[in-house]
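Throughout, protein chains are lettered first and strands after them, A, B, ... in sequence-line order, and every chain is numbered starting at 1.
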Amino acid sequence: MYDFLKVEEKWQRLYSERRLFEVDLQNAQKPFYNLMMFPYPSASGLHIGNMYSFIGSDVYGRFMRLKGHDVFEPIGFDAFGIHSENYALRVDRHPAELTPESIEYFREMQLKRIGAIYDWRSEVITSSPEYYKWTQWIFVKLFKAGLANKKLSRVNWCPNCKTVLADEQVIDGRCERCDSQATRKETSQWFFEITRYAERLLKNLEKLDWTETTKSIQRSWIGKSSGAVIRFPLENGGPELEAFTTRPDTVYGVTYLVVAPEFEHAPALVIAEKKDEFKHFMQDVEKMDIATRTSIKREKRGMFTGSYAKHPLTGEKLQIWVADYVLAEYGTGAVMAVPAHDERDFDFALKYELPIKQVIACESAELPFTGYGKMINSGKHTERRSEDFIADVDKIHGSMSSSVTYHLHDWCVSRQRYWGPPIPIVYCDKCGTVPVPEEQLPVLLPETDDYVPDGSGKSPLARNEEFVHTECPECSGPAKRETDVNDNFLDSAWYFLRYVSPDNEASPFDDDLAKKWLPVDMYIGGNEHANLHLMYARFITMALHDTGYLHFEEPFKSFRGHGLIVNEGQKMSKSKDNMINPIRYFETHGVDCLRTYLMFMGSFLEGGDFRDSGMDAVKRFLNRVWEIANHPEGESSDSLKSKMAWAIDKVEYSVRNIKYNTGVAALMEFVNEALKEENIEKKLVLDLARLLSPFAPFIAEEIHALKGGTVTILDSGFPSGYEEYAKAVSVEIPVQINGKIRGKVSAERGIDQERLMELVSADEKLSGYLKDVRIRKVVFVKDKILNIVVS
RNA sequence: GCCGGGGUGGCGGAAUUGGCAGACGCUACGGACUUAAAAUCCGUUGGGACGAGGGUCUCGUGUGGGUUCAACUCCCAUCCCCGGCACCA
């Protein structure tokens, strides 16, 4: 019986003693950068989802190494940020004290045991000053490039926690931490202008070798929509009111205009007699929480401002309304209402008895009709097609021009928290907003016990007099530091760049190494980070490219988003108490078994269903592998060698296409065959171990060593040399009569149609089908199938 | 509502893209070994019909149509599940 505990411990020790996975980054001949998503060392340990992700990525890395690449597989810790900070707050520990402990546990007790080919020399910890010095450096570079700006904005606010919340911390309109209703609050925040890159971020997706789901998530997050801006002159003069629309073809159907309550010029539009009503209206809107405000079902509310605009084409007088269904942050913050052809405008018009004018041909019962069609009641454009008008929009009238908007909004990077890299900005009365010069970085996060957010909406750092007061880098006069820290997503937006030279004190990454190793060849991780992390990493890479620091603009050539694990068909959750603890299986089944089972239980990209019975099955399988390895050496049959040829192809195909389950299945088939023979050739045993090694590295190493292999199986190459056996064996060719399988004939590979037909005639059963009929057609696919059409 | 992904035995899932549907594994059942159990090994395991039997026939990949010598795979329509986006103008 295979003693997995002993063997795994032995190889874990050898792996760390011999440093087998350290890559000579300078001199590597065939660099392959295999990246996985580094973990937050925040909770009590790695969970099964982390393991699943890391192992899936490591299988790929080990495979590429077997294939002869110099595989660079680094790991680190996303140690700053709200996850780690909230965890520290919950257990009442200082994050600066707790985080290193968590990292120690992750690294020593978990990551070093799972058999991944990590190069530990490249470890990065985002909360270390050596790392965040460069996070701050990136901030400064973006600031200097005009991509970082401080502006007033309405941000998510939790009235209970009294803190600003990131979008991703608001779930169904509620605070992620305390479940109270989130509201909006206007504060001054730092933003990265990612929206300037919206088109490139969208366009580049076409060229990227990424899983389709991941690209689709990014596309909808960017949310491009094309249309036109139409300018409506105000009756009383002043600036024109601009409205974005995707349907300029319905412009003749505009019966009123609507602006958002927060629209910059809304108060100016409200006439004197309506000021009081507007004030009350605004108060009601402010009070509304986000869930209610954005609910589709909620009845729309609005009020007439008393002002009028003029229709640019017809000269008609149009009422200007304020309504809560219009959002200031999208488009121009103003909407041209076409109730006949827009559901929201239709509802609103009915409620407030505003006119409805049909301008696209349809039955009146179909209103609101939102499809394209023939334009009617549209002046000289009557009879035109919608699509035709939209394509021509720039030529129609001076008030209309084609325009594009995106749902993507600028990235709010400031956080009023403690556990993050301080934003490297100084405010000076004389010099204004001044970035901290590069040679003064990092701006160290002060060591203090006063780090708990107080609900003032300001960072705890604002209470730290020693930190706040500084001198201006330009005029040396008294100045104050920015007290917000950076969003955690900035830490992780560039970590893969740091891995190539984590100790470099002169720059965030060594240029030569970056040229040699970047961009990342393969990135495997969960789709839960498809929006934010991947988008931000792409943006930072593009920005560093444009500022001349990187030679590429897309960080990840290939990305594969994998699925989620469920437990016995049930979603895992702490409340259901059905979380799988991976460490437990290290003792009962072994790491090899867990790795192999995780890859076998389902299709990696789709996710899988974890069952203990499956773990037992894989344990049996590994025991059988061990049994074969200990069979007497002797000659093996040609058919077993041909099975090996088949298994080699299967494993290669399955790994390259991230269909690991089918690779493991192929190995099981080979093992089932091999068990039928009493002897086995040494080469077959070694090749089996090689094929198995990406999945179950420890047993594979042990078998390799047992059969006289040296150092590590990883450098022993990918199996080959069975081509002749694959060819020599005869094939079974299914024979169809009129498309139905009626039998099979055994023939040598490559047989031609004529000879095959002779075999069919000689076959008792098949020839029966050909009696008394006329053969009308014969379809033959070499070595695959024969179909005889008869009448 | 829009955009992705999917729907295959009792279950997890295969089928390298139009060429033997159900690989591999689980479960269940039967058997061997055992005083017994565990472990291990062997056999059966999509539905139906026929056959003493080796087997033979037939239906079958959410549903309804279509293309093709041949369809889980392609086309049209439709239902359901999962994920993303969403008062986005």
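Residues meeting the side chain to side chain contact (heavy atoms under 4.5 Å, CB included) test with A:V326, sequence neighbours left out: A:V258, A:A260, A:V335. The ring-ring contact (aromatic ring centres under 6.0 Å, His included) check on A:Y406 picks up nothing, with sequence neighbours excluded. Applying the side chain to side chain contact (heavy atoms under 4.5 Å, CB included) rule to A:P734 yields the partners A:I741, A:K744, A:I785; only residues at least two apart in sequence or on another chain are considered. A:E242 pairs by the side chain to side chain contact (heavy atoms under 4.5 Å, CB included) definition with A:V229, A:R231, A:T332, not counting sequence neighbours. Not counting sequence neighbours, the partners of A:N672 by the side chain to side chain contact (heavy atoms under 4.5 Å, CB included) test are A:R624.
Atom-to-atom, CG of A:N661 to C1' of B:rC24 comes out at 9 Å; the value is rounded to the nearest Å. Between A:L598 atom CG and B:rC26 atom P the separation is 17 Å, expressed in whole Å. The CZ-P distance, from A:R219 to B:rG4, rounds to 9 Å in whole Å. Straight-line distance from the OH atom of A:Y256 to the C1' atom of B:rA89: 11 Å, rounded to whole Å. Between A:L622 atom CG and B:rG25 atom C1' there is a gap of 13 Å when expressed in whole angstrom units. Separating the CD1 atom of A:I320 from the P atom of B:rA89 is a distance of 22 Å, rounded to the nearest angstrom. Straight-line distance from the CH2 atom of A:W646 to the C1' atom of B:rA14: 11 Å, rounded to whole Å. The nearest whole Å value for the distance from the CZ atom in A:F670 to the P atom in B:rG25 is 15 Å.
Counted by atom type alone, A:N661 and A:S603 present zero donor-acceptor pairs between their side chains at under 3.5 Å.
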Show each protein N/O and nucleotides 41-48 of chain B N/O combination with a separation under 3.5 Å, one pair to a line.
from	atom 1	to	atom 2	distance (Å)
B:rC41	OP1	A:R624	NH1	3.3

Would you list the protein and nucleotides 10-12 of chain B atom pairs, both N or O, that sit under 3.5 Å from each other?
from	atom 1	to	atom 2	distance (Å)
B:rC11	O2'	A:R611	NH1	3.0
B:rC11	O2'	A:R611	NH2	3.3
B:rG12	O2'	A:M601	O	2.7

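Projected onto RNA chain B by closest heavy-atom contact, A:A665 and A:K650 fall at different nucleotides, the more 5' of which corresponds to A:K650. Each of A:Y653 and A:A666 has a nearest nucleotide on RNA chain B; the 5'-most of these lies closest to A:Y653.
Taking the side chain of A:K744 as heavy atoms from C-beta on, and the options B:rG84, B:rG5, B:rC20, the nearest nucleotide is B:rC20. Closest contact between the side chain of A:V781 and the listed nucleotides B:rA23, B:rC3, B:rG19 involves B:rG19. You'll find that the side chain of A:E606 is closest to B:rG5, out of B:rG5, B:rG84, B:rC69. Distances were taken from every side-chain heavy atom of A:S613 (C-beta onward) to each of B:rC26, B:rC88, B:rG25; the shortest belongs to B:rC26. The listed nucleotides are B:rG4, B:rC26, B:rC88; the one nearest the side chain of A:T213 is B:rG4. Of the candidate nucleotides B:rA70, B:rG84, B:rU27, B:rA70 has the atom lying nearest to any side-chain atom of A:Q736. Checking B:rC3, B:rG19, B:rA89 against every side-chain atom of A:S216, the shortest atom distance belongs to B:rC3. The nucleotide whose nearest atom lies closest to any side-chain atom of A:I785 is, among B:rC88, B:rC24, B:rC20, B:rC20. Taking the side chain of A:D342 as heavy atoms from C-beta on, and the options B:rA23, B:rA89, B:rU27, the nearest nucleotide is B:rA89.
Nucleic acid contact for A:V326: base, since at least one base atom lies under 4.0 Å from a heavy atom of the residue. Counting any heavy atom pair closer than 4.0 Å across all strands shown, A:N787 reaches a base atom. Among the heavy atoms of the strands, none lies under 4.0 Å from A:K619.
Geometrically, A:R538 does not engage A:W221 in a cation-pi contact defined by less than 6.0 Å to the ring centre and at most 45° from the axis.
A distance of about 36 Å separates the P atoms of B:rG48 and B:rA36, rounded to the whole Å. Straight-line distance between the C1' atoms of B:rU73 and B:rG55: roughly 31 Å, to the nearest whole Å. Comparing the P positions of B:rG64 and B:rG9 gives a spacing of 15 Å, expressed to the nearest Å.
Using Watson-Crick or G-U wobble geometry with both donor-acceptor distances under 3.5 Å, B:rA38 finds no partner in any strand shown. Pairing of B:rC74, defined by two Watson-Crick or G-U wobble distances under 3.5 Å, is identified with B:rG66. Across all strands shown, B:rG51 remains unpaired; no Watson-Crick or G-U wobble contact has both distances below 3.5 Å. Under the Watson-Crick or G-U wobble criterion, with both distances below 3.5 Å, B:rG46 is paired with B:rC59. When both distances must be under 3.5 Å, the Watson-Crick or G-U wobble mate of B:rC85 is B:rG1. In this structure, B:rG25 forms a base pair with B:rC11, meeting either the Watson-Crick or the G-U wobble geometry with both donor-acceptor distances under 3.5 Å.
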Its contact letters, B for base, S for sugar-phosphate only and - for none at protein heavy atoms under 4.0 Å, make nucleotides 54-60 of chain B read --SSS--
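For A:N672, a side-chain nitrogen or oxygen approaches OP1 or OP2 of B:rG25 to under 4.0 Å. Taking only side-chain nitrogens and oxygens, A:N531 comes nearer than 4.0 Å to OP1 or OP2 of B:rC85. Side-chain N/O atoms of A:K777 include one lying less than 4.0 angstrom from OP1 or OP2 on B:rC69. Applying the 4.0 Å criterion to OP1 and OP2 of B:rA14, one finds that A:S603 has a side-chain N or O inside that range.
Applying the salt bridge (Lys or Arg N to Asp or Glu O under 4.0 Å) test to every pair with at least one member in residues 646-667 of chain A, sequence neighbours left out, gives these pairs: A:K67-A:E652, A:E652-A:R656. For residues 328-341 of chain A, no pair satisfies salt bridge (Lys or Arg N to Asp or Glu O under 4.0 Å), with sequence neighbours left out. Residue pairs meeting the side chain to side chain donor-acceptor pair (under 3.5 Å) criterion with at least one member in residues 558-567 of chain A, sequence neighbours excluded, are A:S53-A:H562, A:D209-A:S558, A:D209-A:R560. Sorted by first and then second residue, the salt bridge (Lys or Arg N to Asp or Glu O under 4.0 Å) pairs involving residues 245-266 of chain A (not counting sequence neighbours) are A:R247-A:D249, A:E262-A:R293.
The glycosidic torsion of B:rG51 lies more than 90° away from 0, placing the base in the anti range. With a glycosidic angle no more than 90° from 0, B:rU17 adopts the syn conformation.
Under a 4.0 Å N-O distance rule, the pair A:K215/A:E206 does not qualify as a salt bridge. A salt bridge links A:R219 with A:E212: at least one charged nitrogen is closer than 4.0 Å to a carboxylate oxygen. Of the charged side-chain nitrogens involved, at least one lies within less than 4.0 Å of a carboxylate oxygen, so that A:D342 and A:R344 count as a salt-bridged pair.
The aromatic ring centroids of A:Y585 and A:F610 lie less than 6.0 Å from each other.
Put simply, the side chain of A:K659 and the base of B:rU16 share no donor and acceptor less than 3.5 Å apart.
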